[in-house]
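Contents: one structure, followed by commentary.
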Amino acid sequence: MAASHSFPRGWLAATLGGTVCALLAASMILSGHSAWEWRSGWEVGGERLLVRLDEISAFFLLLLSVVGFAGAVYSREYRPEDRHPRSARAGRMWWNAMVMSMGLVLTAGNGLHFLLAWECFALSAYFLVTLDRANAEVRSAGWVYLAASHAGTLALFAFFATLAAHTGTWELGPVHHLPDLARLYWLALLGFGIKAGVFPLHIWLPAAHANAPSHVSALMSGVAIKMGIFGLVRFGSWLPMPVGAGWVVAGLGCASAVLGVAFALGQHDLKRLLAYHSVENIGIILMGLGFAMIAASQGRPEWGGLALAGGLLHVWNHGLFKALLFLGAGSVLHAVGTREMSHMGGLWRAMPWTAGFFTLGAMAICGLPPLNGFVSEWLVFSGLFDASRHQTGAILGAVPAAVLLGATGALALACFVKVCGVVFLGAPRAEAAGKARECGPGMRGAMAVLAGGCLAIGLAPALFWPMLMRVATAWFGLGTPLDIPNRLTPLGAAHALIALAALAAGVLACRLLRQRTTRAVTWDCGYAEPSPRMQYTAGSFAGIITGWFDWILRPAVHAEPPEDFFPAHASRSSHTPETVLERIVRPCGLAILRLSDLARWFQHGRTQAYILYLCAAILALALAIPLSGGTHP
């Protein structure tokens, strides 16, 4: 027994040590040290290994280190070996493989090795998603993820192979001197967009994030989908851009933001709801990146730098608060045993720490001050407003994008009011919710690390401005740093005042509640004993708002209305499908399978029939070729 417990402790110590080392290396580069590069003396796949850590890769590596650290701490208590003897050890192995392969993706300076690391990353994520492969739903989610990942890998293989053929080397770097390579960005957008979960390429994301263990969901949503963003940022800086690429990226960002939160509003599964919010926040990041690309094409880095800084900071912010929300959801799932929000309720009494951390993450993802989500969205807004003020062609897109970004924040707030109200407030809707207990110190400590990051960026955002400017300067390829005044200093002061006011109000409320008060039964309108069934459900809470998006959500409603004055039974339930997957991709796939079955019918092994096919093909070609007539010159 001692040996079985010593191994997880040793694994945890080694994993945390590796993430801390990576965090320190990334912090050194972002604090102003020069980029680091190392080339091996041996070959891997016929190419020497080239590892490069610069401002852009260090920015993403820092996020990987923090979320990898918190997830490793969380997993030891969330998925212990005594409760999961078969999968716990495999889960630790694949966790380390996934974190290491993502680190190699960020630092690879060779296209061939980038592809190898990318494939290792995809496979390790698949095995982590399907740790509970005895469940048919988990297996289905894993296969959809694997198919989508390999579709993206095929696009990236074509991208890197074509890039190597034109440059004569697999080594990666700026290729602005080759304008013919601009069209390759569309391949990069497809391959990296699938991994990032850009709408409508997100078909794998909801099921994979919902069915994976919660610490894996946190890593996938917080970091893994950012590998797609890393690819778009990296090669958006190195490649010559095709005409209109910035507008396409910004348009995809607007669509992902609005439709991602719309699909989230229609969900009753807690983790699936959080997964759709990943699509929403990827859209916000792409808004910043897309308008930065537009600014670069117009030679206006002064406002493009703000939009890019907002998008980049949202990479960090989304990684922190979304990982926190998934870990909080995992704590709820660990206590209640279900992801259905309509079977929860009243959990704040039994799980105050989880409720507090989850609420903090919910406030951050809604972009409420004084937390980090507001900081990055405010920078994106600033970039859009500056674009409209400069009277360039960007004003045609900046104003609608700002309106859509504001609408996205309002819809996200409505969604998380629903989540926090249905999950943590009210009365327990099921017996398991009434017996829930708070998670242990390891899980609470992991959530505290991520919550601390959300508070640090929210209360002291000016400290991160120099890092953002270094990354933005590197992305624009400028020889001198961007000369943009620090927009975060006044914001930090305002956030500090808001935090102090909130703290004072909380202390005052606690003192008032501690005073002796007279308790009495409230007027119950004639209902002597209200039941949990009288509360709002997850579906009814957001019913009006989701009705606005019925054209895309296409919910399936099953209703048995009451028939008499005293009905014995009545029910109503709804399910919001993944429209793109179930209404477009899956029917197309079935049609292709039917065509393949029809083609197989012709392959029956009769030689006479094959000769007949050949003759028919020759006849068809002869009829297709027009007969030449008249005289020839």
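- Leu312 is not listed as a side-chain neighbour of Leu289, based on a closest heavy-atom distance of 4.5 Å or more.
- In this structure, the ring of His277 has its center less than 6.0 angstrom from the ring center of Phe416.
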Checking ring-ring contact (aromatic ring centres under 6.0 Å, His included) for the pair His495/Phe374: CA distance, chi angles, key distance, verdict?
CA-CA 10 Å; His495 277 188; Phe374 181 83; 5.5 Å; yes
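- Counting heavy atoms from C-beta outward, Thr15 and Phe69 have side chains that stay 4.5 Å or more apart.
- Atom CE of Met344 sits about 13.5 Å away from atom CG of Leu425, to the nearest 0.5 Å.
- When Phe121, Phe60, Phe59 are each tested for a ring-ring contact (aromatic ring centres under 6.0 Å, His included) with Phe230, only one passes: Phe60.
- In this structure the side chain of Asn96 never reaches within 4.5 angstrom of the side chain of Val99, judged on heavy atoms.
- Here the NE2-CG distance, from His318 to Leu325, works out to 8.5 Å after rounding to the nearest 0.5 Å.
- Of the possible polar contacts, none joining the Trp378 side chain to the Leu491 backbone as a donor-acceptor pair under 3.5 Å is found.
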Please lay out, stage by stage, how Ile225 and Lys195 fare under the test side chain to side chain contact (heavy atoms under 4.5 Å, CB included).
CA-CA 6 Å; Ile225 60 175; Lys195 182 62 66 180; 5.8 Å; no
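- Side-chain atoms of Asn317 come within 3.5 Å of backbone atoms of Asn372 as a donor-acceptor pair (strictly under, hydrogens ignored).
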Before you tell me yes or no, could you show the steps for Ser87 and Asp132 under side-chain hydrogen bond (donor to acceptor under 3.5 Å, both in side chains), namely the whole-Å CA-CA distance, both residues' side-chain angles and the distance that decides it to 0.1 Å?
CA-CA 8 Å; Ser87 61; Asp132 298 320; 4.7 Å; no
Go through Leu146 and Leu123 one step at a time and tell me if the side chain to side chain contact (heavy atoms under 4.5 Å, CB included) criterion holds.
CA-CA 8 Å; Leu146 197 62; Leu123 290 176; 4.1 Å; yes
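- Using a 4.5 Å heavy-atom cutoff, the side chains of Leu459 and Pro370 are in contact.
- Considering only heavy atoms from C-beta on, Pro428 stays 4.5 Å or farther from His343 through its side chain.
- Ser101 contributes a side-chain N or O that, together with a main-chain N or O of Met98, makes up a donor-acceptor pair within less than 3.5 Å.
- Between the side chain of Gln267 and the backbone N or O of Arg272 there is no donor-acceptor pair closer than 3.5 Å.
- In this structure, the side chains of Trp11 and Trp95 come closer than 4.5 Å at one or more pairs of heavy atoms.
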Applying side chain to side chain contact (heavy atoms under 4.5 Å, CB included) to Val216 and Leu219, what does each step give before you reach the verdict?
CA-CA 5 Å; Val216 176; Leu219 184 65; 5.7 Å; no
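- For an aromatic pair to be called close, the ring centres must be under 6.0 Å apart, and Tyr126 with Trp94 fails this.
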Enumerate, atom names and distances included, each donor-acceptor pair closer than 3.5 Å involving a side-chain atom of residues 328-337, sequence neighbours excluded.
from: Ser331; atom 1: OG; to: Thr354; atom 2: OG1; distance (Å): 2.8
from: His334; atom 1: NE2; to: Arg83; atom 2: NH1; distance (Å): 2.8

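- Listed for the Thr408 side chain is a donor-acceptor partner under 3.5 Å among the backbone atoms of Leu404.
- Here the side chain of Arg133 pairs no donor or acceptor atom with the backbone of Arg139 at under 3.5 angstrom.
- Not one N or O on the side chain of Lys418 forms a donor-acceptor pair closer than 3.5 Å with the backbone of Ala414.
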Could you check Trp316 against Leu62 for side chain to side chain contact (heavy atoms under 4.5 Å, CB included), going step by step and ending with a plain yes or no?
CA-CA 9 Å; Trp316 274 4; Leu62 193 146; 4.0 Å; yes
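- Contact between Ala350 and Ala436 at its shortest, heavy atoms only, is CB-O, 3.2 Å.
- Between Leu368 atom CG and Glu377 atom CD the span is 9.0 Å, to the nearest 0.5 Å.
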Which atom pairs, one a donor and one an acceptor, fall under 3.5 Å between side chains of residues 256-266 and the rest of the protein, sequence neighbours left out?
from: Ser256; atom 1: OG; to: Phe199; atom 2: N; distance (Å): 3.0
from: Ser256; atom 1: OG; to: Leu252; atom 2: O; distance (Å): 2.8

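- Residues forming a salt bridge (charged side-chain N to carboxylate O under 4.0 Å, His left out) with Arg339 (at least two apart in sequence, or on another chain): Glu137, Asp269.
- Under the salt bridge (charged side-chain N to carboxylate O under 4.0 Å, His left out) criterion, Glu340 pairs with no residue, sequence neighbours left out.
- Contact between Val66 and Leu320 at its shortest, heavy atoms only, is CG1-CD2, 3.9 Å.
- Within the structure, no pair that satisfies the salt bridge (charged side-chain N to carboxylate O under 4.0 Å, His left out) test touches residues 197-220, not counting sequence neighbours.
- Sorted by first and then second residue, the pairs that involve residues 419-453 and meet ring-ring contact (aromatic ring centres under 6.0 Å, His included), not counting sequence neighbours, are Phe358-Phe424.
- Residues Tyr145 and Ala125 approach most closely at OH-CB, 3.1 Å, considering heavy atoms.
- Counting all heavy atoms, side chain and backbone alike, Asn211 lies closest to Ala141 at ND2-CB, 3.7 Å.
- Panel note: side chain Lys271, backbone Ala212; a donor-acceptor pair is recorded below 3.5 Å.
- Side-chain atoms of Leu413 and Val417, non-hydrogen and from C-beta on, do get closer than 4.5 Å to each other.
- Using cut-offs of 30° and 60° on the angle between ring planes, the pair Tyr74 and His215 is tilted.
- The CG atom of Leu379 sits 11.5 Å away from atom NE2 of His314, with the distance rounded to the nearest 0.5 Å.
- Here the straight-line distance linking atom CZ of Phe464 with atom CD1 of Ile457 works out to 5.0 Å at 0.5 Å rounding.
- Of all non-hydrogen atoms in Pro461 and Val375, the two that sit nearest each other are CB-CG1, 3.8 Å.
- Between the CG atom of Leu468 and the CG atom of Leu488 there is a distance of 7.0 Å, given to the nearest 0.5 Å.
- Proximity of Ser214 to Tyr78: side-chain heavy atoms (C-beta onward) are separated by under 4.5 Å at one or more points.
- Not a single donor-acceptor pair under 3.5 Å links the side chain of Ser278 to the backbone N or O of Ser221.
- Nearest heavy-atom pair, Leu371 versus Leu360, reported as atom, atom and distance to 0.1 Å: CD1-O, 3.4 Å.
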